[in-house]
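Have a look at the structure below before the remarks.
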Protein chains: 2
Amino acid sequence: MTYSPDVPEVVVQRLPQYLRALSNLQRGGQEVISSQQLGALLQATPAQIRKDLSYFGRFGKQGRGYNIRHLLERLRYILGLERTWNVAVVGVGRLGRAIISYQGFQPEGFRVVCAFDSDPRLIGQLAGGLMIHDISNIGEVLRGEQVQIAIVSVPGAEAQLVIDQLVEAGIQAILSYAPIAAHVPEGVHLRSVDPVLELQSMTYYLSTPD
Amino acid sequence: MTYSPDVPEVVVQRLPQYLRALSNLQRGGQEVISSQQLGALLQATPAQIRKDLSYFGRFGKQGRGYNIRHLLERLRYILGLERTWNVAVVGVGRLGRAIISYQGFQPEGFRVVCAFDSDPRLIGQLAGGLMIHDISNIGEVLRGEQVQIAIVSVPGAEAQLVIDQLVEAGIQAILSYAPIAAHVPEGVHLRSVDPVLELQSMTYYLSTPD
DNA sequence: GTATGTGAAGCACTTCACAGCT
DNA sequence: AGCTGTGAAGTGCTTCACATAC
């Protein structure tokens with residue numbers, strides 16, 4: 001239903017940043033913004049912002065700029081954020097617990113509805129108020145809880161296996177915290193959060209005084 | 001000292017991934033690898049891997065491939081990973097504690113040596129065996145502990161202020177977990193880890209059955 | 001006057017394809 | 001025979017610049 005001829009992936013990745021900046025502006029009471037101003041906030045060029053938005057429609061008014069409330073509405077719709085998404089967390093170690101307790105998902109419409117682990121000592125216990133399920137029942141539970149998105153926070157050695165199980169269970173969007181280059185089939189979306197890689201690429205610039 | 005004419009940033013960001021894959025291969029006992037094989041592991045084309053490496057030298061042997069031990073050595077040197085880097089964690093909430101306790105930094109040569117918070121109830125306490133310092137002494141402590149890299153895990157509302165203080169204290173590499181688009185001056189390297197943005201861009205593809 | 005939307009130009013990264021080394 | 005290293009070609013994203021609308 002969404003009109004989307006052929007949007008570069010980088011563009012899609014910037015939309016949530018626009019969304020966030022606009023939300024903050026709205027909270028501050030501002031009603032209109034120009035691509036110039038938004039660019040200054042996000043360190044992007046005005047042209048880039050206009051071009052990015054133009055992939056999806058014509059949301060601005062020449063001579064005035066963008067109505068923030070209206071643009072927010074459109075961006076939320078485009079990104080599929082008008083609904084709630086149910087999320088599962090797989091791996092309930094320290095990191096998994098921190099993720100479950102993170103207060104930043106809920107306000108954006110991501111609800112962590114179930115947790116999994118393979119450690120028999122954890123199964124049946126609670127983590128952040130959430131029942132920890134046996135990972136071997138993963139398909140069944142994910143279907144029962146209507147989960148669309150999984151967050152993987154298991155050790156690297158187990159991550160590919162877990163991801164395979166998630167794919168098998170029909171999950172099409174996975175956010176992985178595991179330090180591995182995981183493989184997923186065509187059509188499944190995988191994003192990685194990997195602080196070590198980030199640090200390791202920054203040290204290049206610290207060591208090489210250009 | 002490092003020969004680096006003009007290396008694209010994307011290339012620098014891929015090197016740590018090569019490093020990690022090669023480490024795993026070495027642990028498995030393999031001694032030589034071709035760009036073909038490495039590409040298969042990382043879902044990259046052989047040409048890209050060869051081109052990336054060629055920015056830094058000629059590390060392969062035609063007809064054979066790359067000696068893993070040698071290439072690892074060179075990559076570690078290029079990325080500045082032959083030394084240890086001291087890291088400070090600013091913000092000792094749930095996330096900060098998880099970061100301090102994370103066992104993945106140490107083996108890669110990143111030592112979390114001090115922690116900061118602004119909450120008077122936390123200052124002077126321990127977190128993961130680390131003394132929590134008052135953030136107002138940040139410059140002094142960072143110098144004393146010889147910290148080169150900072151990880152920011154404070155709430156969004158405080159993040160820009162904290163980052164300004166870090167920059168003021170001479171820190172040139174910052175990894176931020178805060179959900180804001182922070183600004184840093186030229187010459188300071190800032191990377192962000194932001195799971196919400198990742199989720200929000202994946203939902204686009206879940207909602208748009210292209 | 002002011003700011004958008006957008007073809008066209010510019011730039012940067014990726015891939016090709018092959019000479020050259022082992 | 002096999003695989004690297006690399007100019008050249010290809011591709012895709014970014015920026016420009018201006019017609020258009022308010």
For [X] and [N], give me the distance from atom [atom1] to atom [atom2], rounded to whole Å.
| X | N | atom1 | atom2 | answer |
| --- | --- | --- | --- | --- |
| Y66(B) | dT22(C) | OH | P | 14 Å |
| R64(A) | dC22(D) | CZ | P | 12 Å |
| F59(B) | dC21(C) | CZ | C1' | 17 Å |
| I49(B) | dT14(C) | CD1 | C1' | 13 Å |
| I68(B) | dT4(D) | CD1 | C1' | 16 Å |

Quiz item: Listed by chain and number, what are the side-chain contact (heavy atoms from CB on, under 4.5 Å) partners of R74(B), not counting sequence neighbours?
Solution: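 Partners of R74(B) by the side-chain contact (heavy atoms from CB on, under 4.5 Å) criterion, ordered by chain and then number, come out as F59(B), H70(B).
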For [X], all residues meeting side-chain hydrogen bond (donor to acceptor under 3.5 Å, both in side chains), sequence neighbours excluded:
| X | result |
| --- | --- |
| Q160(A) | D164(A) |
| R94(A) | none |
| S192(B) | none |
| E198(B) | none |

Practice problem: Would you tell me if any nitrogen or oxygen in the side chain of R58(A) comes within less than 4.0 Å of OP1 or OP2 on dT6(C)? | Solution: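 Result: yes.
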Quiz item: Can you list the residues that meet the ring pair (Phe, Tyr, Trp, His ring centres under 6.0 Å) rule with F105(B), with sequence neighbours excluded?
Solution: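 Result, ring pair (Phe, Tyr, Trp, His ring centres under 6.0 Å) vs F105(B): Y102(B).
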Exercise. Check ring pair (Phe, Tyr, Trp, His ring centres under 6.0 Å) between F116(A) and all other residues, then give those that pass, not counting sequence neighbours.
Key: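 H133(A).
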Practice problem: Just report the end-to-end axis angle for the helix from dG1(C)-dC22(D) to dT22(C)-dA1(D), five pairs per end, to 10 degrees. | Solution: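 The two end axes of the helix from dG1(C)-dC22(D) to dT22(C)-dA1(D) meet at 10°.
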Self-check item: Whichever of K61(A) and G63(B) has its nearest DNA chain D nucleotide further upstream toward 5'
Solution: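 On the 5' side of the pair lies G63(B).
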Quiz item: What residue pairs, at least two apart or across chains, pass side chain to side chain donor-acceptor pair (under 3.5 Å) with a residue in residues 136-146 of chain B?
Solution: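 Every pair satisfying side chain to side chain donor-acceptor pair (under 3.5 Å) with a residue in residues 136-146 of chain B: D134(B)-S136(B).
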Practice problem: For side-chain contact (heavy atoms from CB on, under 4.5 Å), just list the numbers for Y66(A) and L22(A), CA-CA rounded to whole Å, side-chain angles, deciding distance to a tenth of an Å, and then say yes or no. | Solution: CA-CA 10 Å; Y66(A) 300 88; L22(A) 292 165; over 6 Å; no
Practice problem: Check each residue of residues 20-43 of chain A for a non-hydrogen atom within less than 4.0 Å of any atom in DNA chain D, then write out the ones that pass by number, or none. | Solution: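 Result for residues 20-43 of chain A: none.
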Self-check item: Pair E31(B) + K61(B): basic N to acidic O under 4.0 Å
Solution: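 Result for this pair is no, no salt bridge flagged.
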Practice problem: Summarise how protein sits on nucleotides 10-19 of chain D as a single string, 5' to 3': B when a protein heavy atom is under 4.0 Å from the base, S for sugar-phosphate-only contact, - for no contact. | Solution: ---SSBBB--
Solution key, residues 165-178 of chain A side-chain donor-acceptor pairs under 3.5 Å, sequence neighbours excluded:
from	atom 1	to	atom 2	distance (Å)
S176(A)	OG	A178(A)	N	3.1

